[in-house]
> 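Below: one structure in structure tokens.
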Amino acid sequence: MAPTTIHLRAETKPLERRSPLSPASAKALLDAGYILRVERSADRIYEDKEYEAVGAEMVPAGTWVNAPTDHIILGLKEISDGDSPLPHPYIHFQHCYKKQDGWADALSRYARGNGVLYDLEFLVDPSGRRVAAFGYWAGYSGTAIAMLSWAHQVLHPGTPQGSVPVFDSAPKLVEYVKAALAPAVAANNGELPRAIVIGALGRCGNGARDLCQAIGLPKDHILAWDLAETKKGGPFKEIATSDIFVNCVYLGALRIPPFVTFESLAEAGDERRLRVICDVSCDPNSENNPIPVYSTYSSFIHPTVPVKQTVENPELRVIAIDHLPTLVARESSDEFSSLLLPSLLTLKDRDTEGVWTRAQQTFKDRVKELPASN
Ligand SMILES: NC(=O)c1ccc[n+]([C@@H]2O[C@H](COP(=O)([O-])OP(=O)(O)OC[C@H]3O[C@@H](n4cnc5c(N)ncnc54)[C@H](O)[C@@H]3O)[C@@H](O)[C@H]2O)c1
């Protein structure tokens, strides 16, 4: 049987530095007999020379378009908008299976081209759990930004926080957060912030707790809650009386009572310390959003949005960034890539291997939902 070729695309989404394939995973694929083509990219967190060093064949950006149709095209984010049919097998996040805006136009391109989309969000093990996700570093990065936001509000109340820089590594991020916190803690009578993390046992929650520890928050300053603690039903006073709330729950289909509301914030009165909510789960438009005190996304450039209907003192701001792991692109790519690698190593058997056949079935099911006009 001819060897299987995997072609790693250069990402085209602005500011995206992450990659689903690290040089270490590239080497593992080459060692296993796969042919690997890597498009050159100046924006990717891994340098071209790191792939060259492990023996990948480097090709110009955008050449995937004309690759033979049996080559597997690997990327992270969606393929740029367009109308051309897509004839290859593709692996990336397309964000079109939950009927997001433009879903039918995006999905119909694969159907029209006789291609297959193995959407990374829907690569699951036999129990339905995703094989690769970015959670840990999302929780870590979001909590870091929450600490920066708290420090900013203590030192410069009433002014919006400026943009968040990107970091070459997680230790650099931790250093930066510690330096930013020091003067704020001094101005706060020497008191470190207290944080509550909900969804603390999941991937994002673990990252959130680890960031708190990395910057030196004592254990008694971190309330780590998961299902057991929230089963009594919200809203929870403990959120209003913490300085920072980090939401890391995975929202299922079941509706849950909100964790925090305008009323619960007002009821806390003088006991309210809450200044920052970091909604790592980031579902502001979901009917099931357990934090119904805001409705817009924020970004690395404008990291917080104000909660308007609260008593002003202290001011309350929300971080709702839906691509948090980009902040520490190397570590998050390393993590994602190592979780994805075992599945990539079975790509040559993708017509019989469960992880790929399940994803292919999901694709076929979604294609059946396309309106007739597509
Ligand atoms: N903002 C971003 O950039 C970003 C990146 C990655 C993931 N996410 C999102 O973060 C969320 C969490 O992802 P994950 O990978 O950590 O999920 P996960 O399944 O690993 O963890 C979720 C945790 O939430 C807990 N949980 C669920 N419902 C709860 C409730 N009602 N009360 C308390 N705890 C509850 C679960 O028990 C679990 O421990 C997802 O919605 C995911 O899409 C966001």
Side-chain angles (χ1 to χ4, degrees), residues 13 15-18 20 76-77 93 95 97-98 100 119-125 127-146 149 164 166 173 196-211 223-236 238-239 242 245-261 276-292 294 296-300 303-305 318-329 331-333 335-337 339-340:
K13 192 163 176 160
L15 305 180
E16 185 53 79
R17 301 187 302 154
R18 290 172 295 169
L76 187 75
K77 286 305 182 91
F93 288 102
H95 303 294
Y97 285 178
K98 295 180 191 157
Q100 291 96 326
D119 195 297
L120 284 169
E121 195 178 342
F122 296 83
L123 290 189
V124 291
D125 69 14
S127 70
R129 187 161 170 85
R130 278 175 61 180
V131 298
F134 275 104
Y136 179 89
W137 292 102
Y140 199 93
S141 304
T143 308
I145 300 173
S149 181
V164 182
V166 288
L173 169 65
I196 177 165
V197 178
I198 305 193
L201 300 181
R203 285 178 280 244
C204 294
N206 271 301
R209 289 190 293 153
D210 282 357
L211 182 282
L223 271 186
W225 282 16
D226 207 273
L227 287 168
E229 291 79 11
T230 61
K231 72 169 183 253
K232 60 186 174 191
F236 303 107
E238 289 86 343
I239 293 179
S242 298
F245 165 37
V246 185
N247 179 41
C248 295
V249 306
Y250 180 78
L251 277 185
L254 275 184
R255 269 198 107 128
I256 50 168
F259 293 155
V260 60
T261 58
V276 182
I277 297 175
C278 178
D279 192 4
V280 176
S281 307
C282 209
D283 271 312
N285 302 319
S286 158
E287 286 183 344
N288 206 4
N289 175 16
I291 310 181
Y294 82 102
T296 14
Y297 290 100
S298 63
S299 66
F300 288 117
T304 59
V305 288
V318 179
I319 298 156
I321 302 176
D322 65 1
H323 50 299
L324 285 167
T326 308
L327 194 68
V328 282
E331 282 89 349
S332 59
S333 299
E335 180 199 26
F336 188 85
S337 170
L339 291 169
L340 184 61

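Read the numbers this way: they start at 1 and go in the same order the structure lists the ligands and their atoms. No hydrogens, no waters, no symmetry mates; every other heavy atom, side chains included, goes into these values. We count residues from 1, following the sequence as given. Nothing here was measured: the structure is a model prediction, and the numbers come from that model.
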> Answer side chain, backbone, both or neither: which part of Lys231 comes under 4.0 Å from ligand 1, heavy atoms only.
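Looking at Lys231 and ligand 1, no heavy atom falls under 4.0 Å.
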
> Go through ligand 1 atom by atom and flag the ones less than 4.0 Å from a non-hydrogen atom of Ile256.
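Atoms satisfying the 4.0 Å criterion: 31 (N).
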
> Out of all atoms in ligand 1, which are within 4.0 Å of some heavy atom of His323? Include the element for each.
3 (O)

> Nearest to atom 32 (N) of ligand 1, what protein heavy atom do you find, and at what distance?
Thr230 OG1, 2.6 Å

> Below 3.5 Å, N or O to N or O, backbone or side chain included: is there any such pair between Pro325 and ligand 1?
no

> Can Arg130 be said to touch ligand 1, with heavy atoms closer than 4.0 Å?
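In this structure, Arg130 fails to qualify as a contact of ligand 1 - no heavy atom is under 4.0 Å.
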
> Hey, is atom 43 (O) of ligand 1 under 4.0 Å from any protein heavy atom?
no

> Got the closest protein heavy atom to atom 37 (O) of ligand 1, with its distance?
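The closest heavy atom on the protein side is Asp226 OD1, 2.5 Å.
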
> So, using ring-ring contact (aromatic ring centres under 6.0 Å, His included) as the criterion, who are the partners of Phe134 when residues are at least two apart?
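Counting only residues at least two positions away or on another chain, Phe134 forms a ring-ring contact (aromatic ring centres under 6.0 Å, His included) with Phe336.
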
> Does Ile321 approach ligand 1 within less than 4.0 angstrom via side chain, backbone, both or neither, non-hydrogen atoms only?
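The backbone, only.
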
> Which ligand 1 atoms does Ala138 reach within 4.0 Å, using its non-hydrogen atoms?
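Answer for ligand 1: 4 (C), 5 (C), 6 (C).
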
> Which protein non-hydrogen atom lies closest to atom 12 (C) of ligand 1, naming both residue and atom, and how far is it?
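For this ligand atom, the closest protein heavy atom is Cys248 O, 3.4 Å.
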
> Among residues at least two apart in sequence or on other chains, which ones pass side-chain hydrogen bond (donor to acceptor under 3.5 Å, both in side chains) with Glu229?
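Residues passing side-chain hydrogen bond (donor to acceptor under 3.5 Å, both in side chains) with Glu229: none at all.
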
